[in-house]
Amino acid sequence: MVAESQTMNLWELPTRTEAVLVGFAPALAERYRGRLLEFGFHTGERIVCQHQPGFGAPRVYRVSNATYSLDRELALQVLVSVARE
Amino acid sequence: MSRVLLVGTPNSGKTALFNRLTGLNHRVANYPGITVDLSMGRLSTLPEHELVDFPGTYSLRPISEEERIAVDHFAKALDAPDVAHVLCVVDATRLEKSLFFCLQVVRECRQRGKAVTVLANMGDILARHNLAIDARGLAAGIGAPVLVVSARTGEGLPEVLQRLASGITSEASADPIPEPALLAQDDESADQALYAEAHQLAERFGAPADQLLLIQSRLDRFFLGSLSGGLSFSLIMLVLFQSIFTWSAPAMDAVEAAIAGLGSWMLPFLSEGIVRDFTADAIFSGIGAFLVFVPQIFVLTFVIGLLEDSGYLARAALICHKPLRFFGLSGKSFIPMLSGVACAIPAIYAARSIESPRARFLTYLAIPLMPCSARLPVYTLLIAIFIPRETALGGLVGWQGLTLFCVYGLGIVCGLVVAGVVNRVSAGEAQMPFMMELPAYRLPALIPIARKSVQRAQHFVTKAGLVILSVTVIVWVLGYFPNQGADLGASWLGTIGKWIEPVFQPLGLDWRYGVAIVSAFLAREVFVGTLGTIMGIEGAEDNILPLVEQVQASALPLGSGLALLVFFAIALQCISTVAILAREANSWRLAVRMVVAYLCLAWLAAWLTFQIAAAV
Ligand SMILES: Nc1nc2c(ncn2[C@@H]2O[C@H](COP(=O)(O)OP(=O)(O)O)[C@@H](O)[C@H]2O)c(=O)[nH]1
C-alpha cells in the first residue's frame, strides 16, 4: 500500500496527528519565518499539534523537544503534510 | 576588573544562573530610552569579575525593537576590551531551540577572540530522569567547551568559576575564524547552514525528552482543556486577586498601625504648632499613605513569581490572548490588568513581563482605568449619598449594588476602549503575531521569588518615595497656610478650590468639591476625609454617615453625584501611580500626558453624565 500524503496548513492539523513540515507560505514575513526556524520549524521536521484550546486561542505545537504556541495568523502560514494510509 | 557576559535563549535558566553565581550582589540598570533590564553583579566567589546578564533572545537576528537593542548592546560589549569571557546558557533538556543562538554566539566570540563557555543548564532534570547529553561530542561540534550545570542544585558551577578564574582567553584567540561576523551580514544561506548544523548537533548529542514532554502534555491537557482549563484559570485568578485584596490587608493594616503608633509616640515630644502639625499630617500621613502599598507589591510580586516559575503564566497568556488582542493588548496584559483592579502600582510592575513594547505601552494606558480599591471608599460615599437603598425585580437587585457594578464596569470598559482606540490611531510597530515557547511545568523556587519581591518593594520605596513625599508636602502646605490649619476653606488650597470652581460648576459642584478632588491626588480615598473636613465633619473616613446626611441635606442634584462617580472612575488621580508609571515606562512625558488626558476625558464624561441626568 502506498502512503499518500495531504498538505494542509498548521491550523488545520488535528490534535495528536503527526505531520511533517513542508514549508512556509510566501506571505509569511521574513522575520517571523526566521524566528520559526530558530524555534526549530525546519522543512522535514516532525510536528504535532498537542492542544487546541477553545475560542480561537493560540494552539500548542510540539517540534523536536520543545513546545510552542502559535496563533491562527501564524499557523495558517506554516504548511505541513500528513501521511494518509 | 573584567566583565563576563551571560547570554542565552529565554527560559534556559539564565536568570536562575545569574542569581546563583552573583548571590545578592547585583544591581539592575536600564538601557537608555527603553526599559530593557540589564542586571550586573559581581561573582560571589570571584569579586574581580562582574557578570552582565543580557535579556534572553532566540537569535542575534532581532525581530523586535527590544531585541534589537539587546543584540546591539551585546555586540558593543563584545568589542569592549574588559570583556574577557562569554557564558552562553542552553537548556540541556531542549537543546534544539538553544543551539542556533549558541552557534551564533560562539562564532561571534571566536571571531573577536573572546573566550566562550557553553553552559548546558537543567542538568538536574536530566539526571533525575536518567538522561544525559554528550557534552564532549557537543563541545567538539560547537567548537567551544560545554559544561553541564544546574542552577537549581549548583552542580557544575565550581568548574565554571574555575574556568573564569584561570582567565582562559588563549584558546579562542589561538583559533580565530576567518569568516565574517554574523552580526554584520545578512545572508540567508549562512543562516540555513547554521539551522541545519544546530539541528544535527541536537539530534546527535542531545537527550531524548519524550518522557519530560509527556508530563507537560498531560498537565497542558488539564490546564488548557475547555472545561478544566476554564475552571482552573478562574480559580487561579481568584487566588491571585485575593492575594492582593485580602491577604495583604493584614500587613497593610499593620503598616498603618505601626506608623500611627510611631506618630503618637513621637508627637508628644514636639511642642504644639507648625512643626508638630507638619510631622503629624505631612510626614506621618505622607509616609503612611505610600508605605501601605509595600505589602501589596510584595505579595503580588510573589504570587505572580510563583505563577511564572511554575510555567502557568505562559498558559494564562495563551488563554487570554485572543480577546485582548482585539484591543491591541497581549495575553500577558491580563494579569497586570487584573491586578489593577486591586491597585495600579503592583499592576504596573507586573506589566514588565510583557515583551512587546507596544502591548506594554497599551497595558500602561489601561491599568489606571481599572477600578482600583482606593476608589471604593469614594464610590461607597457617593452611592450612599445619591442612590436609594431600594431593590428592584422583587428584591433581586439593589440599586446601590447595581450602581457599584456599573461604575466598576465603566472603568474596565474604558481601559479596553482606550487601549483599542490608541492602538488603532497611533502609528508604530505593527502587532506581532503570537509565537511563544511554552516553558516546562516546574515546582517554583521560593527563595529567588521572595528575593525578587523584596527588591521590587525596595524599588518602589526608593524610586517613588521622594515624589510622593514631595507632593504630600506641597498639598499640606497649601492646606495649612496662611492660617495655620485653622480653616481649610480659607487656606491656599481653599483659594485654589474657589479659583478652579468654574471647572466643576458645569457638573453642578461648588468649590468644596474642587478642593476635595485636588487633595485626592495624594490618594483617591483622601477625597472622603477632605470633603468631611471642609464640611466641618471630622473622621468622615471612618464613619461616613454624618457626611452622607449633610450632603443629602444640601440637595446636590443626582446628576452631580453620578458625574462625580464617572469622574473618579476615569481620572488618574494617584500620585504614587504616576510616579511608578514614569519610572517603569522611563518617561515622565507619558505619565504627565496620561494624567492630563484622563483628567480631560474624566471631565468630559462627567459633564455628559450630568447633562443626560438633567435631561431625563
Ligand atoms: N530544575 C531546574 N530548574 C531550573 C534550572 N534553572 C532554571 N530553572 C527553572 O527554569 C525556569 C526558567 O528559569 P529562568 O532563570 O527564569 O530562565 P530565563 O528565562 O533564561 O531567565 C524557572 O522556573 C527556573 O526556576 C535548573 O538548573 N534546574
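In this text the structure is predicted, and so the values were computed from the model without any measurement. A note on names: the letters A, B, ... follow the listed sequences, proteins ahead of strands, and every chain is numbered from 1.
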Check: Do B:Y58 and B:E437 get their side chains close enough for a donor-acceptor pair, meaning under 3.5 Å?
Finding: yes

Quick note, salt bridge (charged side-chain N to carboxylate O under 4.0 Å, His left out) partners involving residues 7-16 of chain B, not counting sequence neighbours, are B:K14-B:D53

Honestly, the part of B:A198 sitting under 4.5 Å from a heavy atom of chain A is neither

Got a salt bridge between B:R442 and B:D309, using NZ or NE/NH1/NH2 to carboxylate O under 4.0 Å? no

Okay, B:L213 and chain A: the region with an atom under 4.5 Å from a heavy atom over there is side chain

Whatever's closer than 4.5 Å to a heavy atom in chain A on B:F434 counts as both

Contacts satisfying salt bridge (charged side-chain N to carboxylate O under 4.0 Å, His left out) that involve residues 199-215 of chain B (not counting sequence neighbours) are A:R62-B:D210

Between B:R358 and B:N423, the two heavy atoms sitting closest are NH2-O, 2.8 Å

Check: Within a radius of less than 6.0 Å around CZ of B:R68, do more than 12 heavy atoms belonging to other residues, nucleotides or ligands occur?
Finding: yes

Can a salt bridge be assigned to the pair B:E197 and B:R107 using a cut-off of 4.0 Å between side-chain N and carboxylate O?
yes

Q) Should A:E38 and B:R61 count as an ion pair when the cut-off is N to O under 4.0 Å? A) no

Note: vs chain B, highest number of non-hydrogen pairs under 4.5 angstrom among A:A75, A:A66, A:A29, A:G40 is A:A66

Most heavy-atom pairs under 4.5 Å with chain B, out of A:T15, A:V60, A:L74, A:L37, belong to A:L37

Whatever's closer than 4.5 Å to a heavy atom in chain A on B:S98 counts as neither

Assert top hit (heavy-atom pairs under 4.5 Å, partner chain B, pool A:G34, A:P58, A:S64) equals A:P58

Check your understanding: Does the ring centre of A:Y61 sit less than 6.0 Å away from the ring centre of A:F39?
Key -> no

Ordered numerically, the heavy-atom neighbours of chain A under 4.5 Å found in residues 317-331 of chain B are B:L318, B:H321, B:K322, B:R325

Without placing hydrogens or testing angles, list every side-chain donor-acceptor pair under 3.5 Å for residues 49-57 of chain A, not counting sequence neighbours.
residue, atom, partner, partner atom, Å
A:H51, NE2, B:S217, O, 3.3
A:Q52, NE2, A:L13, O, 3.0

Turns out that what part of A:E73 lies under 4.5 Å from chain B's heavy atoms comes down to side chain

